[in-house]
Amino acid sequence: MNVILTSIDYILNWGRANSLWPLTFATSCCGIEMMQTVASNNDIARFGSEVFRGSPRQADLLICAGTITHKMAPALLRLYEQMPEPKYVIAMGACTCGGGMFANTSYSVVKGIDKIIPVDIYLPMCPPKPEALIDAIRKLQTDIKKESIINRKDFVNKHCPKLKEYKGLLVEEDFNIIKLGTI
């Protein structure tokens, strides 16, 4: 039975890894570097990721590029939830990974999107070069080729906080407030 599952995993993962379709999601300066990755100098099409989608229902890779504020967090979570499984996330830029230069001085910035959605690859430069994004996509492809369908579900359940709406507040499963304000 393991031989059959291993063969199916290999074929499915090869197809997934070589045809990642990113969702267009850029909120600040890292978005310019993400756009440059598609240009002819870098040509992300060599890795099967040239089709940036405008709809989350057609994408399987979320490249979150830029600062995420508490007002933007529910929209980001909604986009992530609308993406079909399996879905992958690359956190691009210091602001996305940990709040960046705004982490200590601004109350409105989320200090890492891993508090909202599970992240597969962190790219914490300010701003990351297109070559770094291509390298992150290649590392993600390598990880996808090695994963099992069963292990992916465990990863998502372990790293994604269960977010709920409770009296207009975005809260974790144990009812610790993540953000004040309405959704």
Side-chain angles (χ1 to χ4, degrees), residues 16-17 19-39 42 44 47-144 147 152 155-163 170 172 178-179 181 183:
R16 285 186 195 131
S19 64
L20 291 172
W21 287 1
L23 177 65
T24 304
F25 189 81
T27 58
S28 58
C29 51
C30 289
I32 297 168
E33 298 297 326
M34 185 173 66
M35 289 180 241
Q36 179 62 31
T37 308
V38 185
N42 300 296
I44 201 172
F47 307 105
S49 300
E50 74 275 7
V51 183
F52 274 78
R53 296 297 179 173
S55 169
R57 291 176 181 88
Q58 299 172 351
D60 57 358
L61 171 62
L62 174 62
I63 301 174
C64 187
T67 309
I68 304 298
T69 61
H70 290 294
K71 260 190 170 178
M72 181 60 78
L76 175 65
L77 179 62
R78 188 175 307 121
L79 287 173
Y80 179 79
E81 288 175 345
Q82 289 177 353
M83 291 171 62
E85 288 288 341
K87 49 193 164 189
Y88 307 97
V89 178
I90 294 177
M92 182 178 175
C95 294
T96 306
C97 295
M101 65 182 113
F102 308 109
N104 296 327
T105 59
S106 179
Y107 65 90
S108 63
V109 173
V110 176
K111 292 164 183 62
I113 67 163
D114 55 351
K115 293 176 176 34
I116 303 166
I117 59 176
V119 176
D120 294 293
I121 303 281
Y122 291 92
L123 195 56
M125 297 174 231
C126 185
K129 293 185 175 188
E131 295 85 7
L133 180 57
I134 289 174
D135 185 52
I137 289 173
R138 294 192 68 206
K139 286 180 183 176
L140 181 61
Q141 287 176 333
T142 303
D143 291 347
I144 291 170
E147 78 180 12
R152 180 69 190 170
F155 171 81
V156 170
N157 290 336
K158 184 172 126 182
H159 289 89
C160 183
K162 305 293 183 201
L163 299 176
L170 187 63
E172 285 186 23
I178 294 175
K179 125 184 163 32
I183 293 181

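The residues of the chain are indexed from 1 along the displayed sequence.
- To the nearest 0.5 Å, atom CE of residue M72 and atom CG of residue L79 are 8.5 Å apart.
- The nearest pair of heavy atoms linking C64 to I113 is CB-CD1, 3.8 Å.
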query = Would L20 and I144 satisfy side-chain contact (heavy atoms from CB on, under 4.5 Å), going step by step from the backbone distance to the final call?
reply = CA-CA 10 Å; L20 291 172; I144 291 170; 3.7 Å; yes
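- Shown here for V119 and A91, the closest heavy-atom pair between the two residues is CG1-CB, 3.8 Å.
- If you check the side chains of D143 and Y88, you find no donor sitting under 3.5 Å from an acceptor.
- Distance check: M83 CE to S55 OG gives 10.0 Å after rounding to the nearest 0.5 Å.
- Shown here for D60 and W21, the closest heavy-atom pair between the two residues is OD1-N, 2.7 Å.
- Going from atom CG of L62 over to atom CD of Q82 covers 11.5 Å, rounded to the nearest 0.5 Å.
- Counting heavy atoms from C-beta outward, I68 and F25 have side chains that approach closer than 4.5 Å.
- By the 4.5 Å heavy-atom criterion applied to side chains, T67 and S28 are counted as neighbours.
- Between I90 and D120 the shortest side-chain heavy-atom distance does not fall below 4.5 Å.
- Nearest heavy-atom pair across A73 and I116 is CB-CD1, 3.5 Å.
- In terms of heavy atoms, P84 sits closest to P56 at CD-O, 3.4 Å.
- The OG1 atom of T37 sits 12.5 Å away from the NZ atom of K129 when rounded to the nearest 0.5 Å.
- Between P22 and A59 the shortest heavy-atom distance is C-CB, 4.1 Å.
- Rounded to the nearest 0.5 Å, atoms OG1 (T69) and CG (L76) are 10.0 Å apart.
- To the nearest 0.5 angstrom, K87 atom NZ is 5.0 Å from Y80 atom OH.
- By the 4.5 Å heavy-atom criterion applied to side chains, Q141 and I137 are counted as neighbours.
- Using a 4.5 Å heavy-atom cutoff, the side chains of E33 and L133 are not in contact.
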